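These numbers come from the heavy atoms of this one structure, side chains and all, not from hydrogens, waters or symmetry mates. Residue numbers run from 1 in the order of the sequence given. Only a predicted model underlies this, so the values are computations on that prediction, with no experimental measurement involved. One-based numbering, in listed order, for ligands and for the atoms of each.
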Amino acid sequence: MDRKELLKHVHIKQGDITREKTDAIVNAANPTLLGGGGVDGAIHRTAGPGLLEECRTLGGADHGEAKVTRGYNLPAKHVIHTPGPIYKNGYSGEKEVLTKSYYNSMLLCKENNLKSVSFPAISAGVYGYPKDEACSVAVDTVLNFMEQENYIIDVYFVLFDRDNYERYEKYIASLQIGNKNSI
Ligand code: AR6
């Protein structure tokens, strides 16, 4: 399937990911997988204590890995937990690790035959990843995965603030007109 067709399955929304009714939401976690601040805190608060209980059985995850749980009190059926990279200087493998977070999350979607998934901007908060590159890595990795694996899923990028929503909107528009390097 060509890129323009695949792009029809990539959607953006502004808001709170804990309200998403997709088959899975992705959590920008830390390696303990035992909760934290930001989107991680919001997901655990809404899901309730069952989520933390299941997370305790997972044994943590390395940066770039992904593990799946049930969604408990969330409207989404599953939560995919992935610690993104902590941004240092851009020369410490950050881009590879962020790509792995998206890739491994998509792999779990495929293995579980999911039809829809919602992603936050992994690593673009407390972990300090520059927002423009965090956006292009996110969109490029899900498109590459769908193309290479011949797997179609509706992907929603759920951006908390207007500024980041507009960043994704602009980047996706640039792909639609075939100009990959506009941001
Ligand atoms: N829905 C959607 N996006 C959100 C929400 C929400 N409810 N809340 C925040 N964001 P961050 P990271 C956005 O810091 O950078 C945690 O303590 C936020 O605006 O949550 O991967 C973990 O335990 C930002 O754009 O995740 C780790 O220790 C994006 O989500 C650490 O933070 C990611 O911000 C992970 O840091």
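- A donor-acceptor contact shorter than 3.5 Å links the side chain of Asp23 to the backbone of Lys115.
- When hydrophobic clusters are built by joining Ile, Leu, Val, Met, Phe, Trp and Tyr residues whose side-chain heavy atoms come closer than 4.5 Å, directly or via intermediates, Ile152 is grouped together with Ile172.
- Taken to the nearest 0.5 Å, the OH atom of Tyr156 stands 12.5 Å off from the CD1 atom of Ile17.
- With values rounded to the nearest 0.5 angstrom, Arg3 atom CZ is found 5.0 Å from Leu143 atom CG.
- Of the N or O atoms in Pro120, none lie within a sub-3.5 Å distance of an N or O in ligand 1.
- The contact set between ligand 1 and Asp40, taken as ligand atoms under 4.0 Å from a residue heavy atom, comprises 22 (C), 23 (O).
- When Thr82, Asn30, Asn27 are checked for heavy-atom proximity to atom 28 (O) of ligand 1, Asn30 turns out nearest.
- Inspection of the Tyr102 and Asn144 side chains reveals no N or O donor paired with an N or O acceptor under 3.5 Å.
- Taking every non-hydrogen atom of Ala28 and a distance limit under 4.0 Å, the qualifying atoms of ligand 1 come out as 21 (O), 22 (C), 26 (O), 35 (C).
- The protein heavy-atom contact nearest to atom 25 (O) of ligand 1 is Ala121 CB, 3.9 Å.
- Distances below 4.0 Å separate heavy atoms of Gly37 from the following atoms of ligand 1: 16 (C), 17 (O).
- Taking the charged nitrogens against the carboxylate oxygens, Arg70 and Glu54 have no contact shorter than 4.0 Å, which rules out a salt bridge.
- Residue-ligand proximity: Ala124 is placed with a non-hydrogen atom under 4.0 Å from ligand 1.
- Only the backbone of Ala29 comes within 4.0 Å of ligand 1, counting heavy atoms alone; no side-chain atom from C-beta on gets that close.
- With respect to atom 36 (O) of ligand 1, the closest heavy atom belonging to the protein is Tyr127 CG, 3.4 Å.
- Ring geometry, His81 versus His44: the interplanar angle falls from 30° to 60°, so the pair is classed tilted.
- Annotation: Asn150, atom CG; neighbour count of heavy atoms from other residues, nucleotides and ligands within 6.0 Å does not exceed 12.
- Of the protein's non-hydrogen atoms, the one nearest atom 20 (O) of ligand 1 is Val39 N, 2.8 Å.
- The closest heavy-atom contact to atom 11 (P) of ligand 1, among the options Thr18, Val126, Leu33, Val158, comes from Val126.
- Proximity of Tyr127 to Asn30: side-chain heavy atoms (C-beta onward) are separated by under 4.5 Å at one or more points.
- Looking at Thr32, its side chain never comes within 3.5 Å of a backbone N or O of Gly60 through a donor-acceptor pair.
- The shortest contact between atom 1 (N) of ligand 1 and any protein heavy atom is with Ile17 N, 3.0 Å.
- Below 4.0 Å from some heavy atom of Gly15 lie the following atoms of ligand 1, by number and element: 1 (N), 2 (C).
- Of the listed residues (Gly125, Gly128, Gly36, Gly38), the one carrying the non-hydrogen atom nearest atom 15 (O) of ligand 1 is Gly125.
- Close N/O approach between Asp16 and ligand 1 is found [any backbone or side-chain N/O within under 3.5 Å].
- For atom 18 (C) of ligand 1, the closest non-hydrogen atom of the protein is Phe160 CB, 4.5 Å.
- Looking at ligand 1, you'll find an N or O of Ser123 within less than 3.5 Å of one of its N or O atoms.
- Annotation for Lys100: atom NZ does not count as buried by contact number, only 12 or fewer foreign heavy atoms lying within 6.0 Å.
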